[in-house]
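Worksheet: the structure to be examined is printed underneath.
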Amino acid sequence: MKALLLTVATLVPGALCAQGLVDAAVEKKVDALLRQMSLEEKVGQLNQYSSNLDLTGPAPTQGAQKEMFDQVRQGKLGSLLNVTGAEATRKAQELAVEGSRLKIPLIFGLDVIHGYRTMFPVPLGEAASFDLALIERSARVAATEAAAAGVHWTFAPMVDIARDARWGRVMEGAGEDPFLGAQVAAARVRGFQGKDLAAIDTIAACVKHYAGYGFGQAGRDYNTVDLSEHTLRNVVLPPFKAAVDAGVATAMNSFNEIGGVPATGSVHLQREILKGEWGFAGFVVSDWGSIGEMVPHGYVENLEQAARVAMVAGSDMDMESRAYVSHLLGLVRSGAVDEKLVDDAVRRVLRVKFRLGLFDDPYRYSDAAREQRVLADPTHQTAALEVARASIVLLKNEGGLLPLDKGARTIAVIGPLAADKDSPLGGWRAQAQSNSAVSLLEGIQAAVSPATRVVHAEGAKLAKGRRGFVFELTFNTDDRSGFAAAVEAARGADVVVMGLGEDGFQTGEGRSQVDIGLKGLQEELLRAVLEVNKKVVVVLMNGRPLAIPGVVEAVSAVVEAWHGGSQAGHAIAQVLFGHYNPSGKLPMSFPRHVGQLPFSYDHKSTGRPNPVPMVFWSHYTDAPNEPQFPFGFGLSYTTFSYSDPLLSAAEMSRDGELRVSVTLTNSGSRAGAEVAQLYVRDLVGSVTRPVKELKGFQKVELAAGESREVVFTLKASDLAFYTAAGRWEAEPGAFKVFVGGNSRDLKGAGFSLR
Ligand code: BGC
């Protein structure tokens, strides 16, 4: 085993107060409590189990249940995950507070990823809104509901940059871009944590998965990651840094190794960068069993060594490996682990518990009356509707098929997802009730006038058999018994709306796929419908970018609605009928073919970027390099035009500013909102720079015919990157700046940095 070096200096963050987690009065209390704690009690604070406790029945007298009850009473547990509800959390808290010597409250964690009871669109969908205030509001509502149900802590935001749509967890993040990812990360932290962690409607956030988890080879979950420091710093880390700067209370490390070192055992990631360079003062929780998984990774021989490596590396709390509870005591006693490391970890955990107000009143989150009231709050559904419709991206609309005519006589609503009330809830759905979403069919039925007949036919099921959080999905590839009815429905309709895409459990953890087209018989069903009716609108409901060039080609209109949450059907109907003019933009490129993955718009130039008459340039011989729909792309029912960008100067000094202005015009005949995007290219660097990088965006609402000047201000810090010298700074030289409505269709100008 390798020697692990550690200086105690890395235990003491340099910029403790920067994130507002450290408060002198709280630190005093933490230290006083720490002095009273035995080593066993300290280790207890670092131990987290998933609750399978029957907390509402009679107290157990034997078996595993009794053992866990006893551990809580003995202070051998600092946290439980997956215990929710005011009643259950109160019971569990009673065990800890009334049973244990020092009465240290438990902290209850849960994956509140895009809502607790009220579901918002999956995070990838929310990111498509490019609306930070809305994203913050969604997290605020989720926190309010979770906090009312006794939850103190969410394992979100997930900020993994994701460029491989084969990976099922792309649904949980904000997509492929570090700049957008950083903005969204901070907005979510603000939403969950509010202004005051101690308020009863705020919960601690947890930025995850630290780090590189989105770069698993070939898009396979939990797979090996090999990232250069360059990519780590420039692409992967910015959203984590943004979350830390926004005051995130906790971080979760990740399952993957990077360059041969499991993230959970990485001194570099956790002690040097997170707690050292960034001065993160909260605590790091391991991912589920990730301390123990260092054994199968082949990094340590056994759980005891895993405990030592993880503690030395700065993993403060052990989720479900039972490595700390089994071995940390012995490791400290034998001198293999310095007790100062344990003290530092415990101090971090206690700090967050104090900041949450748990020592003032450990039951403050567990109030059954508040829980009932808050979970039924109708304004949460309104918020879910607003976020869902802002997340919708109009991908194609040829011949103005959309918006639909409200006076249509017959609308056929067809497809496996058309009447599905469950899939729109998406993956990671916390305490959402199954089948509780408004379906596409219901949304359309509610929106049409009484004169319109809405006919429905499923056509074909998407999946067969069991579905759910832990099951593999089996797709329907042979049952076409519903085709005839679907074709009949389509034949007589003025227009057909087809609900296609992915099952709600098709994305998320453990759901990688080699094929990102439409599964099962969906495309075949679409072709059968097109035989009898060409007026087809495809509404996609999915959690990852899809590669569906044939589908896009075959129909006139495509609407990307993601897994849109509780109000999905109403949100889609508002877009289909033009009550809401879509303004979402893709946070992840949609490739033409899975073979283009991993893909991102901000790729490097290569030495052979341009076509030549021979084959010797960087391209595919059987497909274009370009994606089907680029990052930042999305249409509207109106059109927008951009003037050439005007720069306030041709040069910018290191401490100066540059204003980039464009005139944005709504050149169509309806009011609408456009996300104006600013990209920059640094032409020459000490390390090569991407062909363009997003550096700003603004959502602008314009009446028909209206023009407005949109101004972006660039500072040298916006041009900074991790240089060959290992510093985060801007390098002087020539730059290009581009403005436009997506990452492909841009107008540019040049300037230089002195
Ligand atoms: C996931 C985490 C999650 C944790 C607790 C793990 O399997 O990777 O994202 O927070 O489980 O549910």
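Both ligands and their constituent atoms are indexed starting at 1 by order of listing. Computed from heavy atoms alone, side chains included, the values below leave out hydrogens, waters and symmetry copies.
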Item to check | With Thr202 via side-chain hydrogen bond (donor to acceptor under 3.5 Å, both in side chains) - residues at least two apart | outcome: none

Checklist entry - Between Leu274 and Val284, which heavy-atom pair has the shortest distance, and what is it? => result CD2-CG2, 3.6 Å

Item to check | Nearest heavy-atom neighbours spanning Gln217 and Asn223 | outcome: O-ND2, 2.8 Å

Checklist entry - For the side-chain contact (heavy atoms from CB on, under 4.5 Å) test, which of Arg355, Gln45, Lys42 pairs with Leu350? => result Gln45

Checklist entry - Who passes ring-ring contact (aromatic ring centres under 6.0 Å, His included) against Phe631, sequence neighbours left out? => result Tyr601

Item to check | Contacts of His152 that satisfy ring-ring contact (aromatic ring centres under 6.0 Å, His included) - sequence neighbours left out | outcome: Phe108, Tyr365

If you look at each N/O of ligand 1, which protein N/O atoms lie under 3.5 Å away, and at what distance?
from	atom 1	to	atom 2	distance (Å)
ligand 1	7 (O)	Glu509	OE1	2.8
ligand 1	7 (O)	Glu509	OE2	2.9
ligand 1	8 (O)	Arg169	NH1	2.7
ligand 1	8 (O)	Asp287	OD1	3.3
ligand 1	8 (O)	Asp287	OD2	2.6
ligand 1	9 (O)	Arg169	NH2	2.8
ligand 1	9 (O)	Lys208	NZ	2.8
ligand 1	9 (O)	His209	NE2	2.6
ligand 1	10 (O)	Asp111	OD1	2.6
ligand 1	10 (O)	Lys208	NZ	3.0
ligand 1	12 (O)	Asp111	OD2	2.5

